[in-house]
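Read through the structure below, which is laid out as structure tokens, and then see the notes.
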Amino acid sequence: MCGIVGYSGIRPAAPILLEGLKRLEYRGYDSAGISVGHEGKLTVVKKKGKIKKLREAVPPKIQGVYGIGHTRWATHGQVNDENAHPHSDQSGNITICHNGIIENFNILKSKLLEEGYIFVSETDSEVIAHLVSKFYDGDLEQAVKTALGLLEGTYGILCMHADEPGRIIGARNGSPLVLGIGEGEMFLASDVTAMMAYTKHVVYIEDGEVVDVTPEGYHTSDLNNRTISKKIQHISWELDEIEKDGYETFMLKEIFEQPRSITRGMRGRLDKENGAAHLGGLNLTSQELLNIERIKIIAAGTSFHAGLVAAHLLESLARIPCTAELASEVRYRNPIVEKNSLYFAVSQSGETADTLYAMRELKRKGARVLGICNVVGSTIARESDGGVYIHSGPEIAVASTKAFTSQLTAFYLFTVIMARMRHLSLKDGMVFVRELGEIPSIIEKVLEKDSEIKILAKKYAGAKDFLFMGRGINYPVALEGALKLKEISYIHAEGYSAAEIKHGPIALINEETPSMFLIPNDELREKTISNMKEIKARKGPVIALAVDGDSEVGDVADDVIYIPRTHDLLYPLVMVVPLQLFSYHCARELGRDVDQPRNLAKSVTVE
Ligand code: F6R
């Protein structure tokens, strides 16, 4: 969602801030701005729209070696220049950027208005600038701390004062903030991608912490001025991973990266000899793993769909009762935490507010929650009791693709561990692990169908509505196919269990409403083919995803995308890839902004 960047050092700040904001574009935003300090004056430039417009508005000769910047995703107030950040106090001596939501801003604003402060935006964030101004008496850090003491809600904040050149105060409560350490220069951002071009040495600021930054160094403390010593960490991601590398979009690059990202997620974790797997970060002894009687998965969006596949998988292979639930629903229904149950919070970004708050609620009730995350050092990863990093590499496109298959990979590994401790024999474990290890090369073969899928997408991109049907472990994949299509092409799409359509959705079928059927060669194949015939009988166009050689499906469907055979329980990893490509090409055909679809943000840090 919103992004913040800060720089204090020796180089001109504006290009570094603009570059940092550009790197944060993928998170989704609707306006952007920067503030740069020079000779006792802070200049603010902010614009509704894309960074390109901001870049054009920034005076080419702007001077100053320190500054802050922001990409806004509107929550309070319209999308316009005034509501964009940075916000200033009345004198223009103080500027702030804020991610998050100040829940008590109305009360604070009324008081400030009574005291004569003049507001120029409709945002909740502007109160922070006025509060800092009210408390400022020569020490910016102290003024920020006093102001923060009055705020309720979430924030990642950067603040500067014209009278304190080179100094930036950062603070965090619920919205990420990272400090990057360079040589005689410091970087601040909500996300490491904004600073990776300059430094890989970072310090993750935690909730309740304030960081006082100058080009020479930094000091971290809490709101009560107690010093907090921090560990410097090293980012393992490479710069080329956050660049398009010759692909027309990040999404296409990430779809094509899947054979490698899945391989990375399995590296050192597959134990072919013992038909088993290792996951170092679970923080559970064998006895504790054996004692688990129930597993519950919480997540949102695509990660939730990965959780649904995992629930089916864990029950089928490991015979452990398992359910997946939307994190947004868990928090508010006063969840019951049962003895011997294990929870997973699944999140690519590790910052999704719905998932994070549900996880905290479960932990408050005594649950043991493991994280399945991509972003190292993210809040969910840090607050969980252990877990698995999926090692998918940075996912820049808003629509999640490679993270989904990597999340599934992590769950396949975990399931093998659990299954081998219970009912799965050495022989069957070896077969399963071998087939799991072959998935990257199977996906390579599916990716070779890209141009064939592109032609199909051209044929169907004009549809107003689309249905996706799957059964069993592939039902969540149908949900994911529908989500992908709607979020990037804006075609209305729904996913159903193929068996369920006769209970209502079949009423939607006509010549103009195509259906995508997922038909692996498993025990539900024949029943799914019957469901497909029901659609054909009502003149609904049908595309099928079927296994190589399945001519019966070819006889019924209008179009078929054939995929290689794999283990019955591994089809989700393979089936989702043509669905990602199909959505991608439909969206391109319709001229959509695939990497940054309208109204969406990469990391949804508000409830
Ligand atoms: C869909 C998509 C979203 C996310 C959801 C959860 O393509 O990207 O549905 O999956 O917002 O995000 P994470 O996994 O970061 O918690």
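Everything quoted here is computed from the prediction, not taken from an experiment. Both counts, for ligands and for their atoms, begin at 1 and track the order of listing.
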Identified side chain to side chain contact (heavy atoms under 4.5 Å, CB included) partner of His98 from the options Asp124, Thr154, Thr123, Ile4: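 Among Asp124, Thr154, Thr123, Ile4, the one meeting side chain to side chain contact (heavy atoms under 4.5 Å, CB included) with His98 is Asp124.
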
Identified side chain to side chain contact (heavy atoms under 4.5 Å, CB included) partner of Tyr412 from the options Leu317, Leu570, Ile262, Ile439: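 The residue from Leu317, Leu570, Ile262, Ile439 that satisfies side chain to side chain contact (heavy atoms under 4.5 Å, CB included) with Tyr412 turns out to be Leu570.
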
Non-hydrogen atom of [X] closer than 4.0 Å to ligand 1:
{"X": "Lys602", "answer": "no"}
{"X": "Leu600", "answer": "no"}
{"X": "Ala399", "answer": "yes"}

Close side-chain approach of Ile543 and Phe466, heavy atoms under 4.5 Å: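 Ile543 vs Phe466: side chains touch.
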
Beyond-backbone contact of Phe468 with Leu485, side-chain heavy atoms, under 4.5 angstrom: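 Yes; the side chains approach each other to less than 4.5 Å.
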
Is the closest N or O pair between [X] and ligand 1 shorter than 3.5 Å?
{"X": "Glu487", "answer": "yes"}
{"X": "Thr355", "answer": "no"}
{"X": "Val346", "answer": "no"}

Should [X] and [Y] count as an ion pair when the cut-off is N to O under 4.0 Å?
{"X": "Asp30", "Y": "Lys48", "value": "no"}
{"X": "Arg360", "Y": "Asp207", "value": "yes"}
{"X": "Lys253", "Y": "Glu243", "value": "no"}
{"X": "Arg471", "Y": "Glu500", "value": "no"}
{"X": "Glu338", "Y": "Lys296", "value": "yes"}
{"X": "Glu206", "Y": "Arg382", "value": "yes"}

Any atoms of ligand 1 less than 4.0 Å from a non-hydrogen atom of [X]? List them with their elements.
{"X": "Ala300", "result": "5 (C), 6 (C), 10 (O)"}
{"X": "Ser303", "result": "10 (O), 13 (P), 14 (O)"}
{"X": "Thr352", "result": "6 (C), 12 (O), 13 (P), 15 (O), 16 (O)"}
{"X": "Lys484", "result": "1 (C), 7 (O)"}
{"X": "Val398", "result": "8 (O)"}
{"X": "Gln348", "result": "13 (P), 14 (O), 15 (O), 16 (O)"}
{"X": "Ser347", "result": "13 (P), 14 (O), 15 (O), 16 (O)"}
{"X": "Gly301", "result": "9 (O), 10 (O)"}

Of the protein's non-hydrogen atoms, which lies at the shortest distance from [atom], and what is that distance?
{"atom": "atom 2 (C) of ligand 1", "value": "Thr302 OG1, 3.8 Å"}
{"atom": "atom 11 (O) of ligand 1", "value": "Val604 CG2, 4.1 Å"}
{"atom": "atom 15 (O) of ligand 1", "value": "Ser349 OG, 2.7 Å"}

Asp385 side chain to Tyr343 side chain, donor-acceptor N/O pair below 3.5 angstrom: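 No, Tyr343 and Asp385 have no side-chain donor paired with an acceptor closer than 3.5 Å.
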
